[in-house]
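As the structure lists them, so they are numbered: ligands from 1, and atoms in each ligand from 1. All figures in this text were calculated on a predicted structure; none of them were measured in a lab. If you read the sequence from its start, that first residue is 1, and numbering goes on from there. Only this structure's heavy atoms are used, side chains among them; waters, hydrogens and symmetry mates stay out.
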Amino acid sequence: MDVIALDHPTDAQIRQWHKVLAAVHAADPGAEPAPDPERTARRLLSAEPGARRRLWAAAGGGGLAAVAVLRLPGEPGADRPGEIDIRVRPGHRRRGIGGRLLAAAAGALRDDGRTSVLAQVLAGTPAVPFLESHGFECVLTLRGMLLRLDDVPPGRVARLLAAGPAGYRLVRWRGAVPDEHADAFARAKHAMADPAEYDGAPWDAHRVREMAEVVAKRGDDLYTVAALSGDVVAGFTEVVVPHDCTGRAAQYDTAVVPEHRGRRIGIWVKAAMLDWLAGTRPGVREIETDNAGDNVHMLAVNEELGFRVERESMEYQAPVAALPAAP
Ligand SMILES: CC(C)(COP(=O)(O)OP(=O)(O)OC[C@H]1O[C@@H](n2cnc3c(N)ncnc32)[C@H](O)[C@@H]1OP(=O)(O)O)[C@@H](O)C(=O)NCCC(=O)NCCS
């Protein structure tokens with residue numbers, strides 16, 4: 001079965017791509033909300049500032065049997081890992097297709113001067129033995145948590161909001177950060193707990209705006225609540241509501257800068273976010289989030305708000321030198 005590069009997919013190929021995602025989702029529904037055809041098309045066609053993407057597919061069953069996306073953040077040769085995502089239709093597995101797509105991606109990683117690659121997978125799925133058989137090792141465990149807003153006891157959000165620490169005030173914005181807070185917000189972004197995701201590219205006002213632009217181009221809405229001490233952003237939280245919101249929003253970054261920790265700012269900004277969304281986006285019924293398994297403070301904040309663990313996922317990494325070569 002041939003692997004084809006699909007750097008400029010046609011409409012028919014995008015429809016086929018979507019069918020693969022839908023078939024994989026039907027087999028592993030715990031992973032994420034069901035894919036939506038328009039969203040698949042937008043993701044395949046829109047460029048992301050600061051990153052390039054390579055696409056491959058394997059034909060089979062009268063359409064596509066499998067697809068793969070390689071994300072290449074930063075400049076070619078940059079000392080940052082690529083990110084691979086491979087999906088094989090359940091009926092076409094264990095025939096070496098995943099391995100062949102990985103080999104195609106390995107060639108592109110080498111050509112781009114990358115030395116390592118990351119993959120995010122659900123615990124207990126075939127992806128784990130697949131990656132381990134190709135030289136990947138687990139570098140991070142993530143807990144997927146879900147907050148059902150209907151389960152939050154009445155009054156809890158108001159109580160948490162009223163218990164905000166003295167000397168801080170809340171600000172909030174939709175979309176890109178307002179100019180007056182841009183530099184302070186970028187500094188606070190450095191406090192994020194997940195260095196693997198942000199290494200090599202320091203946050204600055206430009207990058208913060210670019211990230212907001214990526215969300216807006218997908219048609220989604222980014223909401224941010226920040227706690228200020230004077231002009232300093234002491235902590236913040238971000239939630240993205242998809243444009244086709246079917247009830248579930250996604251938690252993005254939350255961080256409190258080190259010198260302001262221990263004052264319940266994290267739970268305060270999150271409570272303020274819930275209060276804001278309840279007023280402005282009543283269609284949001286659930287919020288999902290991923291936390292590093294060793295990030296005890298963030299896990300405690302989320303549990304106090306009512307988030308419950310839904311699934312465990314892992315980040316795997318491999319040196320490109322260990323990956324299979326394309327035949
Ligand atoms: C993970 C996935 C991509 C593997 O695709 P695949 O085409 O079945 O993989 P291959 O046939 O190339 O498998 C290569 C080797 O991986 C290992 N492997 C793959 N699936 C396995 C399973 N279910 N159990 C045990 N080992 C497995 C085996 O060593 C296999 O070699 P073998 O069949 O000779 O024993 C596929 O199961 C899938 O799409 N899963 C859902 C999406 C996902 O989680 N993607 C991972 C993100 S990178």
Side-chain angles (χ1 to χ4, degrees), residues 1-6 13 16-36 39-40 43-44 51-73 80-110 112 114-144 196-197 288 290 310-327:
M1 187 173 297
D2 288 337
V3 166
I4 41 174
L6 281 190
Q13 286 167 331
Q16 287 295 333
W17 188 291
H18 176 71
K19 283 188 180 164
V20 176
L21 300 191
V24 170
H25 180 267
D28 288 321
E32 51 203 30
D36 157 81
R39 195 173 184 77
T40 303
R43 285 195 182 239
L44 291 179
R52 285 160 298 123
R53 221 175 18 205
R54 299 287 314 275
L55 310 175
W56 294 270
L64 297 182
V67 296
V69 181
L70 174 66
R71 185 171 173 270
L72 296 164
R80 294 174 69 186
E83 295 157 27
I84 183 73
D85 185 27
I86 300 174
R87 315 248 168 146
V88 181
R89 275 177 184 269
H92 290 78
R93 293 185 185 168
R94 300 304 290 271
R95 300 183 199 168
I97 299 176
R100 255 171 278 163
L101 287 167
L102 185 60
L109 284 159
R110 288 188 189 102
D112 208 53
R114 308 283 163 156
T115 53
S116 78
V117 61
L118 294 171
Q120 199 164 316
V121 302
L122 278 182
T125 64
V128 170
F130 171 74
L131 292 175
E132 289 180 349
S133 75
H134 286 104
F136 282 77
E137 280 178 17
C138 179
V139 291
L140 188 70
T141 303
L142 293 164
R143 301 241 170 96
E197 205 172 321
E288 63 176 357
D290 273 323
E310 285 268 299
R311 61 175 195 271
E312 195 166 79
S313 60
M314 283 109 94
E315 194 160 85
Y316 272 82
Q317 188 160 21
V320 170
L323 298 181

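Protein heavy atoms are found inside the 4.0 Å sphere centred on atom 37 (O) of ligand 1. Protein heavy atoms are found less than 4.0 angstrom from atom 45 (N) of ligand 1.
Remark: ligand 1 and V121 share no N or O pair separated by less than 3.5 Å (distance only, no angle test). Ligand 1 has a nitrogen or oxygen under 3.5 angstrom from a nitrogen or oxygen of G99. Checking only distances, G96 does come within under 3.5 Å of ligand 1, N or O to N or O. Taking only nitrogen or oxygen atoms, main chain and side chain alike, I86 reaches within less than 3.5 Å of ligand 1. Below 3.5 Å of separation, one finds an N or O of R94 facing an N or O of ligand 1. Looking at P129 next to ligand 1, no N or O pair under 3.5 Å apart turns up.
A donor-acceptor pair under 3.5 Å links the side-chain atoms of R110 to the main chain of V320, judged by distance alone. Formation of a donor-acceptor pair under 3.5 Å by the R89 side chain with backbone atoms of L64 is found in this model. Remark: side-chain polar atoms of R114 are paired, donor with acceptor, to backbone N or O of R80 under 3.5 angstrom. At least one donor-acceptor pair closer than 3.5 Å links the side chain of R93 to the backbone N or O of V88. Panel note: side chain R53, backbone R43; a donor-acceptor pair is recorded below 3.5 Å.
The minimum heavy-atom distance between I84 and I86, with the atom names listed, is CG1-CG1, 3.8 Å. When all heavy atoms of A65 and I97 are compared, the pair lying nearest together is CB-CD1, 4.3 Å. Residues G60 and H92 approach most closely at C-NE2, 4.1 Å, considering heavy atoms. Smallest separation of non-hydrogen atoms from A119 and L131: CB-CD1, 3.8 Å.
Looking at R100, R93, H134, Q120, it is R93 that brings a heavy atom closest to atom 40 (N) of ligand 1. Summarising the contacts of atom 16 (O) of ligand 1 with P90, G98, S133, the nearest heavy atom is found in S133.
Here the side chains of V121 and V128 are in contact, with some heavy-atom distance below 4.5 Å.
The distance from ligand 1 to the heavy atoms of R95 drops below 4.0 Å at these ligand atoms: 11 (O). For ligand 1, the atoms sitting less than 4.0 Å from at least one non-hydrogen atom of R87 are 39 (O), numbered in the order shown with element in parentheses. Listed by number with element, the atoms of ligand 1 under 4.0 angstrom from any heavy atom of P126 are 20 (N), 23 (N), 37 (O). Each of the following atoms of ligand 1 lies closer than 4.0 Å to a heavy atom of D85: 47 (C).
Scanning the protein heavy atoms around atom 13 (O) of ligand 1, the nearest turns out to be F130 CD1, 3.7 Å. In this structure, the protein non-hydrogen atom closest to atom 39 (O) of ligand 1 is V88 N, 2.7 Å.
Under 4.0 angstrom from ligand 1, the non-hydrogen atoms of A127 come from both its backbone and its side chain.
A salt bridge links R52 with D112: the distance from a Lys NZ or Arg NE/NH1/NH2 to an Asp or Glu carboxylate oxygen falls below 4.0 Å.
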